[in-house]
There are 2 protein chains.
Amino acid sequence: MTTKAKQKSPALPEDTAPGRRQLLAAGMKLFAKRGFAGVGLREIAAEAGVSLGLVRTHFGSKDGLRAAIDEHVLDEIKHLYATVIEHSGAEALGMAVEDALDWISRDQDALMYARMALMEKSPGSQALFDEILSIMRQFVDTNAKRGLLQPGVDREWAAIYLVFDFIGPAIVEPFAKSAFGKSMYSEPMIAARNAFMVRAFTRGFLKG
Amino acid sequence: MTTKAKQKSPALPEDTAPGRRQLLAAGMKLFAKRGFAGVGLREIAAEAGVSLGLVRTHFGSKDGLRAAIDEHVLDEIKHLYATVIEHSGAEALGMAVEDALDWISRDQDALMYARMALMEKSPGSQALFDEILSIMRQFVDTNAKRGLLQPGVDREWAAIYLVFDFIGPAIVEPFAKSAFGKSMYSEPMIAARNAFMVRAFTRGFLKG
DNA sequence: TTGGGGACTATACAAATGTATAGTCCTTGA
DNA sequence: TCAAGGACTATACATTTGTATAGTCCCCAA
């Protein structure tokens, strides 16, 4: 619908190549599970159903593939929280969790890839962390402007704690089945988490 | 001082082999930095100042080396918190941080190795997570028995949140220099963290 | 004194790795 | 119609990997 668009959808080069999308998805899935160094390009190509050489065609190298996946995941996280930071109050954090659940159901491996990226210090991982921290700082600032922050609170550390709260479940997820019998992102866990979170953030949980 | 101990300190076989200790230390350091699959045995042996073959002598395989390091780090964490769980109240968490600082200064790479172990789901990592969770559950129970827990608090999620608080700084550490200009375990960061933590845990930081 | 065993080294080997090269197929624009 | 280019495959290559084997050195008990 923009200008006089050519008939057969020219589309971006990324979209016209099925193999490229398959490689991105396969790389995201396998890197998330076993780390960057833990997976070979042949396995990724097999998982994607394409040949080994196609990695070079589209991404140049293994590092190029990682960079492309990093970019993709970073974009998703940006979009995920684009709306959340406009809200405020402890309930908004619950909303953030709901949005994250939507995201996970849509793009299963992206969250676990982000988890891995934060662990291995790759070029893209610093950008990922900075983005998450930036989102939480904005959330704190929004709350402060609306008078929802308790007086005297260290805003920087409030933001850092929100980062912990966002990262925490993702880090713990691989151990959750064994430790709790269910996923951190299962319905009962999310409900209990939100209840605790709202309470702890507004009143704490220990007596002074 | 036990029984009639032989003269020249028979010691455990682990202690009599300098190469073994060197390999453990080198493996811990390099695995922590680049992950299990990201480091080769030759590099570890070189860092340890021993030959490649010695890994096989002492640990049998690369996985054997990891298992030995896992065990070592798990023991350290157990000892670290053996005293902490006897204390209670929000201040005890500050004490825990102080103890962790001591630990870090003594065994620099152990914390970052634990961080890596939690990320890569190895056989030992589940045990590590279970231990940390267990410690936090005990802390919550101790507080509950002494009436320091606010009424109606979800104890399980309180423990989980304490896990986040313990893991969080370690996860963030590699990005801290760039994002905050200092280590998460530097003096000013620790001080600000403790202040925020005591406040947030007892009163929260958002208005209801 | 001697022989057995543990700590340790040097080297060989097959498998797996990332990368490079050559080429096929098919669409598309001049 | 035809050539140019992008998506894709097949295969070769040098390097690195974990593991295995053979052997040296040295302490200590018999």
Side-chain angles (χ1 to χ4, degrees), chain A residues 3-31 33-70 120 122-124, chain B residues 4-28 30-31 33-70 120 122-124:
Chain A
T3 74
K4 210 188 335 185
K6 297 163 199 165
Q7 299 251 24
K8 289 198 64 180
S9 89
L12 298 166
E14 296 99 49
D15 295 347
T16 57
R20 190 190 147 96
R21 277 201 313 276
Q22 294 298 320
L23 280 171
L24 281 174
M28 193 162 77
K29 174 179 173 180
L30 293 174
F31 285 156
K33 210 166 284 183
R34 303 213 302 276
F36 181 71
V39 194
L41 290 180
R42 281 163 185 79
E43 188 181 357
I44 293 175
E47 170 82 23
V50 299
S51 77
L52 167 66
L54 197 59
V55 176
R56 181 162 226 269
T57 300
H58 286 299
F59 308 103
S61 68
K62 193 184 184 186
D63 281 291
L65 173 60
R66 165 162 65 179
I69 299 174
D70 281 348
E120 305 185 348
S122 71
Chain B
K4 211 188 332 185
K6 296 166 199 164
Q7 299 252 23
K8 290 199 63 181
S9 86
L12 298 165
E14 297 98 47
D15 296 347
T16 57
R20 191 190 146 97
R21 277 201 312 277
Q22 294 298 320
L23 280 171
L24 280 174
M28 193 162 76
L30 293 174
F31 285 156
K33 210 166 284 183
R34 304 215 301 277
F36 181 71
V39 194
L41 290 180
R42 280 164 186 79
E43 188 180 358
I44 293 175
E47 170 81 22
V50 300
S51 76
L52 167 65
L54 197 59
V55 176
R56 181 162 226 269
T57 301
H58 286 300
F59 308 102
S61 68
K62 193 184 184 187
D63 281 291
L65 173 59
R66 166 162 65 180
I69 300 174
D70 282 348
E120 305 185 350
S122 70

Please report the interatomic distance CG(Leu23(A)) to OG(Ser51(A)), rounded to the nearest 0.5 Å. 8.5 Å
Side chain of Lys62(A) - closest among dT9(D), dC8(C), dG18(C): dG18(C)
How many whole angstroms separate atom CD of Gln22(B) from atom C1' of dA7(C)? 14 Å
Find the distance Leu52(A):CG to dA12(D):P and express it as a whole number of Å. 14 Å
Minimum-distance nucleotide (side-chain atoms of Arg42(B) versus dA12(D), dT9(D), dT17(D)): dT17(D)
Output the distance between atom CD1 (Ile44(B)) and atom CD1 (Ile69(B)), rounded to the nearest 0.5 Å. 6.5 Å
Please work out if Gly40(B) contacts a base, only the sugar-phosphate, or nothing of the nucleic acid, heavy-atom cut-off 4.0 Å. sugar-phosphate
Tell me which nucleotide among dA7(C), dC8(D), dT19(D) gets nearest to the side chain of Ser61(B). dT19(D)
Spacing between Leu65(A) atom CG and dT19(C) atom P, to the nearest angstrom: 10 Å
Of the candidate nucleotides dT19(C), dT9(C), dG18(D), which contains the atom at the shortest distance from the side chain of Leu41(A)? dT19(C)
Rounding to a whole Å, what distance do you find between Leu54(B):CG and dG18(D):C1'? 15 Å
Listed nucleotide nearest any side-chain atom of Val50(A), set dT9(C), dC8(D), dT9(D): dT9(D)
Taking only N and O in the side chain of His58(A), is any of them less than 4.0 Å away from OP1 or OP2 of dG6(D)? no
Of all heavy-atom pairs between Gly19(B) and Leu54(B), which one has the smallest distance, and what is that distance? CA-CD2, 3.9 Å
Whole angstrom value for the distance that separates P of dG18(C) from CZ of Arg66(A): 12 Å
Quick check for you: among dT9(C), dC8(D), dT9(D), whose closest atom lies nearest to any side-chain atom of Ser51(A)? dT9(D)
Base, sugar-phosphate, or nothing for Gly19(B), non-hydrogen atoms under 4.0 angstrom? sugar-phosphate
Separation of Glu43(A) atom CD from dA15(C) atom C1', in whole Å? 15 Å
Please determine if Arg66(B) forms a cation-pi arrangement with Phe31(B), meaning its NZ or CZ atom is less than 6.0 Å from the six-membered ring centre and no more than 45° off the ring axis. no
Between P of dA16(C) and CG of Leu30(A), the distance in whole Å: 17 Å
Nearest-Å distance for atom pair CD1/P, residues Ile44(A) and dA16(C): 16 Å
Taking Lys62(A) for the side chain and Phe36(A) for the main chain, is one N or O donor matched with an acceptor at less than 3.5 Å? yes
Compare the minimum distances between each of dT19(C), dA7(C), dT9(D) and the side chain of Ala17(B), then state the nucleotide with the smallest one. dA7(C)
